[in-house]
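Count residues from 1 along the sequence. The shown structure was predicted, so the numbers you read here are calculated from the model rather than taken from an experiment. The figures that follow rest on heavy atoms only: side chains count, while hydrogens, waters and symmetry mates do not.
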Amino acid sequence: MPTRVAIDPITRIEGHLRIELETDAQKITKAWSESTQFRGIETIVKGRDPRDAWAFTQRICGVCTGTHAVASIVAVENAIGSQPPEQARLIRDMVLASQGVQDHTIHFYHLHAMDWVNVASAAQADPEAAAEFARSIGSTWKGNTVERFAQVRDTVQGILDSGQLTIFASGYWDHPDYRLPPEANLMAVSHYLDALEFQRSMIRINTVFGGKNPHPNFLVGGMACTIDQDRSESINQVHIDQIKVWIDETVEFVKTCYLPDALAIMSVYPDYFDIGAAQPNFIAVGRNGATYAGDPADSRITSPYTDIKPGVLLDGDLTTVHPFDPAKIAEYITSAWYTYEAGDDVALTPDEGETTVKYTGPTPSPDMWLGDSDKYTWSKAPRYDGRAVQVGPLARILLAYAQGDARTRELVDSAAGTLGITLDQLNSTGGRTLARAVEAVTTAEVLAEKTFPAFVANIQKGDISVFDATKWEPSSWDKKTSGYSLLEVARGNLSHWVSIENGKVARYQAVVPTTWLAGGRDAEGNQGPYEESLAGNGQHPLVDPDQPLEPLRTIHSFDPCMACAVHVLDPEGRQLQVVTS
């Protein structure tokens, strides 16, 4: 008889995710991805002024803060015909880039690294040996000193002695599949703490341009900030100089610390480049931060850097780039607690999407099992031309590689040579982890070498315009109009779709990265990517059901954000379930 395992909640993610598994002979045979949180933003914005929609949709998530605001604003601009100035578009690009690198950094060090790094073991390490280990993997991070490592070792020992593991609680520290030596664990824990400081510093870029973070301020038609060298409350030379420092620190951290760490850690877990493969289909509309108002085929992209074109990779062919067609995006609710007027087995395109709740699941309880029912999740199941696809850093890296991007190929080929893997093996738990590190480098470099210099050069030429007022008044809009946006954000492809009638939002839908990845089965019974990564070939390991470290490694490699996936709210604010892990 198969063994049933429920992991609830999946911790170290944003939101509520439950994974149900069936195992046989320490291998996963079946999997269900279940978002158990219900929220409501898409319905909240209906009937509101579309110029305000971004402020509500931005609250879909507090982790990828700002991304939903930009997606909403670009969708509305597409609908009403607004053309934001170049400087406003460059500011948005810088906000998205800094957010993307910060998100990748937080994911690797604070959400995912503890799947590979044994914190308790760090207390046994020799600081001098840890410094030597850091040098041996090519890490030139300035924090790799014997003094720093000794301080961190003593801190870890103090935490262990106290019996209160604080930020390191709920780990399976006695699991036998932690493989790093103590010195590598000490280095990684030290860099975990360094990353806490780094990510806090670099996200200040968003604060300068948006006035605050999380949830910075934006504006339909441009940006809410101003550029004026003579005013302290505007973007001036002091701000520009400080942003330059933060960007330089970002490039330094991802190149001297993050990427070497990812390579070192994954080199000790080479089998995870053969574990966790999801469907070999990938979509992206460009680099991290790429932004389109409407169909990329006839849209004016909001970024001046279009070297990576939108595209689709299908059926494991990583060399043939197919054209991207947004009309092929549709969402199923076959396995989700919603209903469609035309029937629950149809798929609706986002411009015609519906969000009508119909909960048919059990009363939440510790012993419930959701996978026995056809409907078992709050997450819809997006498909591209009927296919389950992967989105995110891996999709973007593979697309850039297929299009011959020199820097991407340099980094990927170097990593593959170091790790002894092929390009095909990137469709894996290890591959998704590595792709984020590679993309952190390319995103930071584009920010430092292209976007920020272009912004500064425009200021030097006297270009300080950040707002287009020509389409601000509703009287300038069509009575009925619609639009959408397509963005590449940290976790993958994000699109917002809006219909406007008589100056108010008539329909709103968001198709987000985690919905693409965490959605359940469709009308044909095809699994979503999370489910496929765990149970696609029946070979994913799960040695100890009481310590399900192996499936956590795979699920965390996607960086789940369930608040984005469901983006809806129980208006009564009721507590539905109390869970512990």
Side-chain angles (χ1 to χ4, degrees), residues 54 58 64-74 77 84-106 198-219 221-229 234-254 286-293 301-308 396 439-461 463-467 485 487-490 494:
W54 68 269
Q58 184 170 219
C64 42
T65 173
T67 58
H68 288 287
V70 176
S72 178
I73 283 174
V74 174
E77 290 170 346
E86 180 182 4
Q87 287 293 71
R89 292 184 280 116
L90 288 169
I91 290 172
R92 293 177 188 176
D93 290 343
M94 288 187 281
V95 167
L96 291 174
S98 59
Q99 176 66 55
V101 177
Q102 187 217 30
D103 204 306
H104 288 349
T105 300
I106 291 172
F198 160 74
Q199 60 86 20
R200 183 181 67 175
S201 175
M202 70 159 298
I203 205 60
R204 291 174 183 170
I205 295 171
N206 289 18
T207 305
V208 169
F209 288 123
K212 62 189 179 72
N213 194 76
H215 306 315
N217 294 309
F218 294 91
L219 184 68
M223 284 298 295
C225 60
T226 58
I227 304 172
D228 190 334
Q229 297 282 33
S234 297
I235 306 301
N236 55 40
Q237 192 61 48
V238 174
H239 294 121
I240 292 170
D241 291 343
Q242 183 60 73
I243 291 169
K244 176 67 163 60
V245 170
W246 290 328
I247 291 175
D248 289 345
E249 289 176 350
T250 297
V251 174
E252 177 189 23
F253 183 84
V254 298
R287 290 187 182 275
N288 184 25
T291 306
Y292 286 93
I301 191 172
T302 64
S303 168
Y305 308 113
T306 58
D307 48 339
I308 308 301
R396 292 190 291 261
E439 185 176 77
V441 173
T442 57
T443 301
E445 289 178 342
V446 169
L447 174 61
E449 298 167 10
K450 295 183 177 180
T451 317
F452 180 68
F455 174 71
V456 173
N458 286 345
I459 294 176
Q460 293 170 344
K461 291 186 296 186
D463 184 357
I464 61 173
S465 176
V466 295
F467 177 58
S485 60
L487 283 71
E488 288 297 329
V489 299
L494 169 65

Do the side-chain N and O atoms of Asp463 and Gln87 include a donor-acceptor pair separated by under 3.5 angstrom?
no
Could you state the interatomic distance from [atom1] ([X]) to [atom2] ([Y]), rounded to the nearest 0.5 Å?
| X | Y | atom1 | atom2 | result |
| --- | --- | --- | --- | --- |
| Glu249 | Met202 | CD | CE | 10.0 Å |
| Asp93 | Thr443 | CG | OG1 | 11.5 Å |
| Leu447 | Ile205 | CG | CD1 | 5.5 Å |
| Ile243 | Phe452 | CD1 | CZ | 6.0 Å |
| Ile240 | Lys244 | CD1 | NZ | 12.5 Å |

Only one of Val74, Ile73, Thr67 forms a side-chain contact (heavy atoms from CB on, under 4.5 Å) with Val70, so which one is it?
Val74
Test applied, side-chain contact (heavy atoms from CB on, under 4.5 Å); reference residue, Gln99; option that passes from Val101, Leu96, Asp103:
Asp103
List in chain and number order the residues that pass salt bridge (charged side-chain N to carboxylate O under 4.0 Å, His left out) with Glu445, two or more places apart in sequence or in another chain; answer none if no residue qualifies.
Lys255, Arg407
Say whether, by atom type as modelled, one donor and one acceptor occur between the side chain of [X] and the main chain of [Y] under 3.5 angstrom.
| X | Y | result |
| --- | --- | --- |
| Thr250 | Trp246 | yes |
| Arg92 | Thr291 | no |
| Gln58 | Pro216 | yes |
| Glu77 | Gly221 | yes |
| Ser485 | Ala71 | yes |

Do the non-hydrogen side-chain atoms of [X] and [Y] ever get within less than 4.5 Å of each other?
| X | Y | value |
| --- | --- | --- |
| Asn236 | Asp228 | no |
| Phe198 | Gln102 | no |
| Thr226 | Phe467 | no |
| Ser234 | His239 | no |

Show the numbers, then the answer: is there a salt bridge (Lys or Arg N to Asp or Glu O under 4.0 Å) between Arg287 and Glu488?
CA-CA 7 Å; Arg287 290 187 182 275; Glu488 288 297 329; over 6 Å; no
Shortest non-hydrogen pair, Arg396 vs Asn288, comes out as CD-N, 3.5 Å
Under 3.5 Å, side-chain donor or acceptor atoms of residues 206-213 against the rest of the protein: list the pairs with distances, not counting sequence neighbours.
{"from": "Asn206", "atom 1": "OD1", "to": "Ser98", "atom 2": "OG", "distance (Å)": "2.5"}
{"from": "Lys212", "atom 1": "NZ", "to": "His215", "atom 2": "O", "distance (Å)": "2.4"}

